[in-house]
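The analysis underlying the following values was restricted to heavy atoms, covering all of them including side chains, and did not include hydrogens, waters or symmetry mates.
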Amino acid sequence: MNRRRHVLRRARIFRASLVAALLSSPGIPYAQEAGSHAAPAPLVAAASDLQFALDEIVQRFRSDTGIAPRVTYGSSGNFARQIEQGAPFEVFLSADETFIQRLAERGLTRGRGDLYAIGRIVLFVPSGSPLSTDPQLADVASRLARGKLGKLAIANPEHAPYGRAAEQALRKLGLWEQVQPHLLLGENVAQAAQFASSGNADGGIIAYSLALGPALRDRGTFVLLPESLHEPLRQRMVLLEKASPGAVRLYEYLRSPASRAILARYGFVVPEN
């Protein structure tokens, strides 16, 4: 019996020594694997106006950390509803801060997040369109009066903040009622941008950040609409209740000067820290 106990004790010591050797061996990528388990790829819900800017930020983050976030783009209102219904997102970047505030009040977030950008809207006109660009939408008004306006693409105002800003601008210019039959509604502002650039519409009121992006950069012209035509597009991000360590690292990266510089390059007004 004593001999058997002695053998078992020596076996346990051997296994412990072997594990220690494996962990310390430079040829075994255990530390990297352990790191990936400690910081799994976070699930991110992001407003669709961020598509090009956030793709660039995430690519740099992945290069710097080895963590590869999985980002889904869409309308902020739809994401807020999905999160309320239990969607497993860990970081939410909304184009409207009121959605973040609503989630925070329901105890679904870690705090109230950070204002990361203020968005702008533009009138985008694709190449070959008869519509001309001007910040007061004078040609839109003229074509409406003459029955010459085709389709005008905007995001759905019911759940997309950029669609709501487009509606506010059209209302302030006295065009909302007349333009109704001409509207081509996108599920989100990225889809509205696709409609506006595809030839299916004379133009569209879309996010400045998308007009500056590679998909639209060479497909038409645009003009910034005055900020006075709509309420500020205050964009807020937040960590959700079950955020993983990788999500926390991404969130801090989004607050870094490098990330803020990328957002500014895509036309966002970046608030001071």
Side-chain angles (χ1 to χ4, degrees), residues 44-61 69 71-80 91-101 112-124 133 135 153-155 157 159-169 186 188-194 196-197 204-239 250-273:
V44 181
S48 58
D49 67 308
L50 290 167
Q51 184 173 343
F52 301 115
L54 187 57
D55 278 354
E56 188 171 328
I57 292 170
V58 164
Q59 184 177 4
R60 293 193 180 195
F61 175 74
V71 182
T72 302
Y73 295 101
S75 77
S76 298
N78 283 343
F79 280 137
V91 181
F92 179 28
L93 295 97
S94 175
D96 182 346
E97 67 178 353
T98 61
F99 292 122
I100 300 290
Q101 293 163 352
R112 293 185 173 270
D114 292 276
L115 185 71
Y116 65 88
I118 297 172
R120 297 290 305 275
I121 57 174
V122 303
L123 173 65
F124 177 88
T133 57
I154 68 170
H159 51 74
Y162 277 86
R164 189 164 61 250
E167 177 183 344
Q168 290 168 355
N188 51 63
V189 73
Q191 188 176 63
Q194 291 173 357
S197 63
I205 299 176
I206 64 169
Y208 185 24
S209 59
L210 297 179
L212 291 173
L216 272 69
R217 190 178 296 144
D218 301 320
R219 302 188 67 176
T221 59
F222 65 87
V223 62
L224 269 170
L225 300 189
E227 295 174 278
S228 59
L229 292 180
H230 61 88
E231 295 176 0
L233 282 155
R234 291 173 58 86
Q235 306 199 188
R236 185 170 288 268
M237 63 182 180
V238 74
L239 280 167
L250 173 62
Y251 190 85
E252 292 304 318
Y253 198 88
L254 289 166
R255 299 174 63 192
S256 70
S259 296
R260 289 160 59 84
I262 291 172
L263 289 169
R265 184 153 44 81
Y266 280 91
F268 291 102
V269 178
V270 180
E272 296 181 3
N273 284 331

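- Results of the side-chain hydrogen bond (donor to acceptor under 3.5 Å, both in side chains) test with Tyr116 over Arg236, Arg255, Gln235 single out Gln235 as the only residue that passes.
- With hydrogens and angles disregarded, a donor-acceptor distance shorter than 3.5 Å links the side chain of Gln168 to the backbone of Glu231.
- The shortest heavy-atom contact between Ala80 and Phe92 is N-CZ, 4.2 Å.
- Checking Tyr251 against Asp114 by side-chain atom types alone, a donor-acceptor pair falls below 3.5 Å.
- Atom CD of Gln59 is surrounded by 12 or fewer heavy atoms from other residues, nucleotides or ligands within 6.0 Å.
- To the nearest 0.5 Å, the span separating CD1 on Ile206 from CD on Gln194 amounts to 10.5 Å.
- Using a 4.5 Å cut-off on side-chain heavy atoms (C-beta onward), Phe268 and Asp49 make contact.
- Of all the heavy atoms in Ala264 and Val270, the pair that sits closest is N-CG2, 3.8 Å.
- In this structure, Ile121 and Tyr162 have side chains that are in contact, with non-hydrogen atoms separated by less than 4.5 Å.
- A distance of 12.5 Å separates CZ in Arg234 from CD1 in Ile100, rounded to the nearest 0.5 Å.
- Looking at every heavy atom in both residues, Gly267 comes nearest to Tyr208 through O-CD2, 3.4 Å.
- Looking at residues two or more places apart in sequence or on another chain, you find a ring-ring contact (aromatic ring centres under 6.0 Å, His included) between Phe79 and Phe89.
- A heavy-atom distance below 4.5 Å is found between the side chains of Ser259 and Tyr253.
- Heavy-atom minimum distance, Ala207 versus Val189: N-CG2, 3.5 Å.
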(request) Begin with the C-alpha distance, continue with both residues' side-chain angles, and end with the deciding distance and a verdict on side-chain contact (heavy atoms from CB on, under 4.5 Å) for Leu239 and Val91. (result) CA-CA 5 Å; Leu239 280 167; Val91 181; 3.9 Å; yes

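- If you take OG on Ser48 and CG on Leu93, they are separated by 12.0 Å, rounding to the nearest 0.5 Å.
- No donor-acceptor pair closer than 3.5 Å links the side chain of Arg112 to the backbone N or O of Val238.
- How far CG of Leu216 is from CZ of Phe124: 4.0 Å, rounded to the nearest 0.5 Å.
- Rounding to the nearest 0.5 angstrom, the gap separating the CZ atom in Phe99 from the CG atom in Asn78 is 8.5 Å.
- Minimum heavy-atom separation, Ala166 to Ile154: CB-CG2, 3.8 Å.
- Between Leu54 and Leu254, some side-chain heavy-atom pair lies under the 4.5 Å cut-off.
- How far CG of Asp55 is from OH of Tyr73: 3.5 Å, rounded to the nearest 0.5 Å.
- Under the 3.5 Å distance criterion, the side-chain polar atoms of Ser76 are matched with a main-chain donor or acceptor of Ala95.
- Side-chain contact between Leu50 and Leu263 is present, with heavy atoms from C-beta onward closer than 4.5 Å.
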(request) Using the side-chain contact (heavy atoms from CB on, under 4.5 Å) rule, take His230 and Leu225 through it: C-alpha gap first, then chi angles, then the decisive distance, then the call. (result) CA-CA 9 Å; His230 61 88; Leu225 300 189; 5.6 Å; no

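- Closest approach of Leu229 to Pro135, counting heavy atoms only: CD1-O, 4.0 Å.
- Partner of Phe222 under the side chain to side chain contact (heavy atoms under 4.5 Å, CB included) criterion, chosen from Leu123, Leu212, Ile205: Leu212.
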